[in-house]
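A single structure is presented below for examination.
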Amino acid sequence: MSGVILDKVVKRYGAVEVVHAIDLTVEPQEFVVLVGPSGCGKSTTLRMIAGLEEISDGTVEIDGRVVNRVAPKDRDVAMVFQNYALYPHLNVADNIAFGLRIRRTPKAEVLASIEEVAGILGLTEYLDRRPADLSGGQRQRVAMGRAIVRHPKVFLFDEPLSNLDAKLRTQMRAEIKRLHKRLGVTSVYVTHDQVEAMTLADRIVVMQDGHIEQIGTPMDLFLNPVNTFVAGFIGSPPMNQIEAIVEGGADAPRATFAGQSIALPKLDELSSRVGEKVTIGIRPEHAKIEPAGADAISVELDLVETLGSEALLHTTLAGNPFIIKAETGGDVEHLNQVTQFWAGPETIKVFDGKTGRAFGHPATSYQGGS
Amino acid sequence: MPDETRFQRVLFVLRRDWQLYLMLAPTVIWLLLFLYKPMYGLQIAFKDYSIFRGIAASPWVGLEHFHTLFGSDQFVRAVKNTVIISAFSLLFGFPVPILLALMFNEILHKTFKKTAQTIVYLPHFISSVIIAGIVITAFSPSVGIINYLISWLGFEPIYFLTKPEWFRPIFIGTGIWQEAGFSSIVYLAAIAGVSPTLYESAVVDGASRWQMMWKITLPSIMTTIIIMLIIRIGNLLEVSFEMIILLYQPATFETADVVNTWIYRQGLQGGQYDLAAAAGLFNAVVAFVLVIAANSLSKRYSRTSLW
């Protein structure tokens, strides 16, 4: 099985550098998701792996071979595009077979492959239809069929679910996951949707402005974000961030803000930061409305968003929005009375007030790409 | 509203979208004035028309003019020439703009592409009279470059424009030279509408430029090609009248005289308006039938049609 290695890969358009010397190793059979806001360089990185963009500097290795100067067709990768890239004049069978026919695969083999792939993706009854006669989900399945029929070494997905509605997206997400389990092909997946990243990835690569901010498993990124950007990007809703001043010593550090105070985790780095500005991060899931106790933080409730078993309490804290995720227990009336919350020190993340870097971050995570 | 009359519904729609109907009005007025009102005059094809008596007072003669038309060797020859010139123009002229567009699409060097496009678009913007002048000069037996080359190769000069067998190739070639470049714009626009990801996907699948041209570009613009073909078939009998007038002479009537030039000579020069109207009506009916047939065939076999 084949892996993908990016070594100090740079992309420049003229004098403008859009991807800055990124390093990434995708292990064989791994499902890696590149996630980040628009313009962060994730699609450009994927296109460099595919060979659709020239690599300005650094090397891309697929299956142990540097492919900088190898044509896309000879890289043995298959790509699924956001808008499906299906040929409108060809029916489903011919779309799936396109790559094989281009490579002059024997007719019997092509037919057998179409049948096999259509079976896997549940497309057998649609083989004679043209893309225009299919639903969004079916088109996406055909696009995946085109990719898997060639048995490539690496799958590349460029925001494949962006054009689907929410329900279909959830369905297709599960199908992609199932397919990856079944085929075990190394996959690199690009999305701006962090939910997609969290649910699909073995490891997530968070990108911003052409840099890699952090690489880690979904839970690693959720629990130990390396900086305020990752903290704000991963999680739905994202981590609440409050500017505060460090007080107390190494044994009992606290953060104060807007006349309130909260206990912080005992981190060595905090002992030398007393009196300095930090950003404290509290996940909506970690803000508890009971038991409040003495260390409770007062908030002003704006509105309650009911999701069913859970509800999002939109509150204001020190003039900034603060979201609390609470269990409804089948009743939201009691949530309308919420005026304070509590968070255990072990769940609170502390970030440098100037650089946004996390204090006491485990050394296992990637610390940026440059 | 269940008890609303049809008239009330129309009135409601007119009031609601009056700006749209106002914008549509000039086109409708133009159609009525210049295409529908003249149809009143078509009746002279069935009358013994005299400009002194006027249309209404001229007596009806039934299909007499049509009998005269089809009894005339000259008219039958004109129909035959029209069909031959149109068929060859379609055969040779229709694919050229498509090929040009495909070729322009493959040119990667921007300056070269723009220069090449300008050169092939240019003849369209030159008056037919000047184009005819260039053609007459180029094929001239005394000063023409073609005969200069023929003489240089050791052959006798040819009086191209006086020889009936040379008229059709010269006329069709001139038409292609004049219009192929400009006509390619439609296909280039259609090519520009093809999603770039189709090509990227094909590149990853291993398709060459040639395969992409045949398997993606051409099928993707097929709808445009078919619509252009239907329109072209509708205009099949509308052979470039002024170019023929400018290029032909009695010596080449045998192959050059088409229905429109015949109508021009009979109607305007000979004053036989009723006979010319009958010929024009015949031309229009044939064109109408051709468009309907082409559209139906296209609808049946390619799922593409004008209506």
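Source: prediction; values computed, not measured. Throughout, protein chains are lettered first and strands after them, A, B, ... in sequence-line order, and every chain is numbered starting at 1.
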Practice problem: Check step by step if side-chain hydrogen bond (donor to acceptor under 3.5 Å, both in side chains) holds for A:Tyr13 and A:Glu54. | Solution: CA-CA 10 Å; A:Tyr13 292 106; A:Glu54 286 273 327; over 6 Å; no
Exercise. Identify which one of A:Thr191, A:Leu161, A:Leu164 satisfies the side chain to side chain contact (heavy atoms under 4.5 Å, CB included) criterion when paired with A:Arg173.
Key: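 That would be A:Leu161; it is the only one of A:Thr191, A:Leu161, A:Leu164 passing the side chain to side chain contact (heavy atoms under 4.5 Å, CB included) with A:Arg173.
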Exercise. Could you check whether the rings of B:Phe125 and B:Phe182 sit parallel, tilted or perpendicular, using 30° and 60° as the cut-offs?
Key: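 Plane angle over 60°, so perpendicular.
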Quiz item: Is the side chain of B:Ser220 donor-acceptor paired with the backbone N or O of B:Val194 at a distance under 3.5 Å, no angle test?
Solution: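 Here the side-chain-to-backbone pair does not exist.
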Practice problem: Would you please go through residues 73-86 of chain A and name the residues with a non-hydrogen atom below 4.5 Å from one of chain B, in numerical order? | Solution: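 Checking residues 73-86 of chain A against chain B gives A:Lys73, A:Val77, A:Ala78, A:Met79, A:Phe81, A:Asn83, A:Ala85, A:Leu86.
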Practice problem: Please list, in residue-number order, every residue in residues 105-128 of chain A that has a heavy atom less than 4.5 Å from any heavy atom of chain B; write 'none' if there are none. | Solution: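 At a heavy-atom separation under 4.5 Å, chain B is reached by no residue of residues 105-128 of chain A.
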Practice problem: Scan for salt bridge (charged side-chain N to carboxylate O under 4.0 Å, His left out) pairs involving residues 10-22 of chain B, sequence neighbours excluded, and state none if there are none. | Solution: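 Residue pairs with at least one partner in residues 10-22 of chain B: there are none.
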Self-check item: Region of B:Gln211 in contact with chain A, defined by heavy-atom distances below 4.5 Å
Solution: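 Contact with chain A involves the side chain of B:Gln211 alone.
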Self-check item: NE2-NZ distance between B:His109 and B:Lys113, expressed to the nearest 0.5 angstrom
Solution: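 B:His109 NE2 to B:Lys113 NZ: 12.5 Å, rounded to 0.5 Å.
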Quiz prompt | Pairing of B:Glu200 and A:Arg47 as salt bridge, 4.0 angstrom limit | solution =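 The answer is yes: the pair qualifies as a salt bridge.
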Exercise. Could you tell me which of B:Ile216, B:Val203, B:Val204 has the largest number of non-hydrogen atom pairs under 4.5 Å with chain A?
Key: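 Winner by heavy-atom pair count: B:Val204.
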Quiz item: With a cut-off of under 6.0 Å to the ring centre and 45° to the axis, is B:Lys114 in cation-pi contact with B:Phe112?
Solution: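 Verdict for B:Phe112: no cation-pi partner in B:Lys114.
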Exercise. Verify the distance criterion only: is there a donor paired with an acceptor across the side chains of A:Glu159 and A:Tyr189 at less than 3.5 Å?
Key: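 Side chains of A:Glu159 and A:Tyr189: no pair found under 3.5 Å.
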Quiz item: Given that the side chain runs from C-beta out, which part of B:Ser201 has a heavy atom under 4.5 Å from chain A: side chain, backbone, both or neither?
Solution: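 When you check distances to chain A, atoms from both the backbone and side chain of B:Ser201 fall under 4.5 Å.
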Quiz prompt | Sequence neighbours excluded, every pair satisfying side chain to side chain donor-acceptor pair (under 3.5 Å) that has a member inside residues 18-32 of chain B | solution =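 Residue pairs passing side chain to side chain donor-acceptor pair (under 3.5 Å), neighbours aside: none found.
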Quiz item: Can you tell me how far CE of A:Met144 sits from CZ of A:Arg139, rounded to the nearest 0.5 angstrom?
Solution: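 Answer rounded to 0.5 Å: 14.5 Å.
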